[in-house]
Amino acid sequence: MRTQILRTAAIAGLALGVGFATGAPASAQSVTTDEAAGYVVFPRIVSDANDIFSTGTEIDTVIQLTNTAADPITVHCFYINATGTCSTGTNTAGSPAAECLTVEECVGEGATCDPQWSAADFTIVLSPQQPTGWVVDEGLSVPAPGDGAIPPVNTDYFVGELRCVQVNDDADATPVNSNDLQGEATIYEVSGSTVDVRSYSATGVQAVLEDGSTQNNKVMCLGGRDDAGGDCVEDDLGDGDDREYAACPAKLVVGHFFEGAFVGNNNSAATALTLSPCTADVATVEPTGLVVQFLVFNEFEQRMSGATEIDCVETVGLSELGLVFSANVQGTLAGQTHLRPVDSTGAGRGMIGLVEEALGGAGLSVSHPNGIGEGGVDVVEYVFPLTP
Amino acid sequence: MRAKRIALTTALLGAFAVCTLAASVASAGVDHDRPGSILIFPKVVSSATRDTTIRISNTGNMTNQVRCFYLDGDTCGTIDFDLSLTKQQPTQWDVSNGRTVNLLDSFGSSGAGLDPGLIPAQGDFEGSVVCVEVVDDVPVAQNKLKGEAIIRDVTGGDDRNTSAYNAVAITSGTGSGTSDNELVLDGDEYAQCDTVHRVDFIPDDSPGLDPVLGETSSVVTNVTVLPCDLDFSRRAPTSVVLNATLWNEFEVQTSGPDTSFSCWASFSIDPASLNPATTFATVEYSASSPVVMVVESFHSDTGLGVSGSAARNVHTGGAASTSSITLSATP
């Protein structure tokens, strides 16, 4: 009898938990790195093919973009240039765009190194199942039966991101409700004696309505519905899912080593996070500023917290976020960090990211943060053509 | 007494799920983007030139017990061990060395932190690691595990064959879970695995070879596959046939060669059927039964005699079916 009561309690507890957990409506579409999507983001593009600052390392990125559909598709893409530029217009390399990594590369009194926040767009057609790829420093003329030209990135040193949207045609470029794009980026760092390569899958934001129809406008609602007036608003999921795209995660969870940790025989670890707000105004290239709150846990279950700010896409080393990420402070090799973005009102927003880890003497690698929850309504807005 | 403990723990856990799972509810899936209840690291290597660091984190606010299995890709033999992760605890270990339980591990050493349990060293090893959330040895899905594998170059030379990928995370299904050692991946107990996977790759006989490294280069793309039908109890290997369909940049579709294997496989993509070979290509693998995959590319500068590697997770094609993971019995 007693055993029966216990068994009943166990089953009831489980049923309660599972029932509650699965009772909420959940969209089949998601923000994903392993399924094709209608909107894909490559948050980390780097190019310095000519090593303009004489660091001894040439850097470039290869993009692969594939149409997974049995029909041709049109794709409209934007490079978002987040490269630093010297305010004085002159850098130590003498390059026309006056790029800089830090203010150290700038020439002139009072110079600052500020991100460009500029955008360049292009449109291509991919034939059924067609894979394509290009080196971002070189661009590409898409092979027939596909069509279109992909320009090289517009500065000798480039850091930024690439966003691509599946659209109706190359004359109008309005998003369509389809999920047929998959992509990967491979970043090369080549020195005189080493070849260091790291690779990641683009983050795909899936369209909820997958009927191939053309959307109302060039305002893409992530986690929200289009109110037909050009605004993205919250959707009442109780009467069906009318959102245009899946919602970005509300929180990113990152596994990493602490800065300076010795992993195996491979010397010290260093980690860089690339964080990109899901809201993006490509029409005005107005950067989306977010405060990112972080909670850090070490292997002792000890917790520390802090916050940082990002403008548009940004890559930040964990060591730049303070000693809280130092192995000497935390005392363990592995850490887990929760990142929660909020806007100026304190409301949660969506964000995607990448984790690049360097193990001294062994090389670089990339993994993806895990996403948890939904970050509310994010808006991606663009005009076509971007530059008449 | 033991039954009582299990029942009470399970009851509490189920009630607790009200608070924890509700915050993280998402559609059931097998992916690399969300925490899950079963973690699969398809490619794990420990050799003279490479070692793998496994990193697992409990993303929940309750202690999470985990049962893990090393699956030897050569023999299909398994070794299991248990982990206990406190709330939000990350942990890590090198496959070559495992991890001991030592309260005296020095600050900053590889064993520092709350010891998750004794993790056996593997020496030379090639295969997979599979980890399952449990409570007192009973599988209970909480969807709180995340993980990464970092395959490290340990030669100390100029090669940079270090790669990382996210663990494949299988979430709970839409049903009421399981109460035995057979985890059915049917969408009800746990999410279903995929049968179709797509890999974009650079063929190793493509014109111009590696698009960045140029004429004196080569690219080899390695695919590692693990069936989702796993029987750790009877050590019964699952046989799988992978049918390959390839596309080049001219949209020309070709087939094969197909790949048959049992238990676990790691092979290089054969681009021979591409006609003609182009710098970039795609292969779609349709498996006779559900599998998980990871891909790793090796980019060599044959002039310098050095190489670098990069791993990534594989895109799935949206076709899933039922499989099961049978855990070995506990005492």
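Per chain, numbering begins at 1; letters A, B, ... match sequence-line order.
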Give a yes or no on whether the backbone of [Y] and the side-chain of [X] come within a donor-acceptor separation of less than 3.5 Å.
| X | Y | result |
| --- | --- | --- |
| B:Ser300 | B:Thr302 | no |
| B:Asn143 | B:Ser172 | yes |
| A:Thr57 | A:Ser191 | no |
| B:Asp31 | B:Asp33 | yes |
| B:Glu251 | A:Gln130 | no |
| A:Tyr188 | B:His299 | no |

Most heavy-atom pairs under 4.5 angstrom with chain A, which of [options]?
| options | result |
| --- | --- |
| B:Asp94, B:Thr86, B:Asp159, B:Thr53 | B:Thr86 |
| B:Asp51, B:Ile56, B:Thr91 | B:Thr91 |
| B:Asp200, B:Asn166, B:Ile151, B:Asp158 | B:Asp200 |
| B:Asn161, B:Thr59, B:Asn97 | B:Thr59 |
| B:Ser109, B:Ser110, B:Ala169, B:Ala112 | B:Ala112 |
| B:Ile150, B:Val252, B:Val295 | B:Ile150 |

Measure [X] against the heavy atoms of chain B and call it side chain, backbone, both or neither at under 4.5 Å.
| X | result |
| --- | --- |
| A:Val253 | both |
| A:Val136 | neither |
| A:Glu357 | side chain |
| A:Asp137 | neither |
| A:Phe297 | both |
| A:Leu364 | backbone |
| A:Val254 | backbone |
| A:Val31 | backbone |
| A:Phe257 | both |

Could you look at [X] and say if it's the side chain, the backbone, both or neither that has a heavy atom under 4.5 Å from chain A?
| X | result |
| --- | --- |
| B:Asn248 | backbone |
| B:Phe201 | backbone |
| B:Asn58 | backbone |
| B:Ser163 | backbone |
| B:Ser307 | backbone |
| B:Ala311 | backbone |
| B:Asp115 | neither |
| B:Arg198 | both |
| B:Gln88 | both |

Checklist entry - Do A:Ile63 and A:Phe42 pass the side-chain contact (heavy atoms from CB on, under 4.5 Å) test, and can you show the C-alpha distance, the side-chain angles, and the key distance before you say yes or no? => result CA-CA 9 Å; A:Ile63 300 291; A:Phe42 302 82; 3.9 Å; yes

Any idea which of [options] has the most non-hydrogen atom pairs under 4.5 angstrom with chain B?
| options | result |
| --- | --- |
| A:Gly183, A:Pro145, A:Ala261, A:Pro249 | A:Pro145 |
| A:Ala144, A:Gly255, A:Gly192 | A:Gly255 |
| A:Val355, A:Asp60, A:Asn298 | A:Asn298 |
| A:Pro128, A:Ala36, A:Ser127, A:Ser367 | A:Pro128 |
| A:Ala327, A:Ser201, A:Gly260 | A:Ser201 |
| A:Val62, A:Thr68, A:Leu252, A:Thr332 | A:Thr68 |

Modelled atom types, side-chain donor and acceptor of [X] and [Y], under 3.5 Å:
| X | Y | value |
| --- | --- | --- |
| B:Gln142 | B:Asn64 | yes |
| A:Asp196 | A:Thr194 | no |
| A:Glu35 | A:Gln206 | yes |

Next on the checklist: Using the side chain to side chain donor-acceptor pair (under 3.5 Å) criterion, which residues pair with A:Glu259? Sequence neighbours excluded.
Outcome noted: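 Partners of A:Glu259 under the side chain to side chain donor-acceptor pair (under 3.5 Å) test: none.
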
Next on the checklist: According to salt bridge (charged side-chain N to carboxylate O under 4.0 Å, His left out), who are the partners of A:Glu184, at least two apart in sequence or on a separate chain?
Outcome noted: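 So A:Glu184 forms no salt bridge (charged side-chain N to carboxylate O under 4.0 Å, His left out) with any residue.
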
Item to check | Residue that, paired with A:Val142, satisfies side-chain contact (heavy atoms from CB on, under 4.5 Å) out of A:Val125, A:Ile150, A:Asp147 | outcome: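 Answer after filtering A:Val125, A:Ile150, A:Asp147: A:Ile150.
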
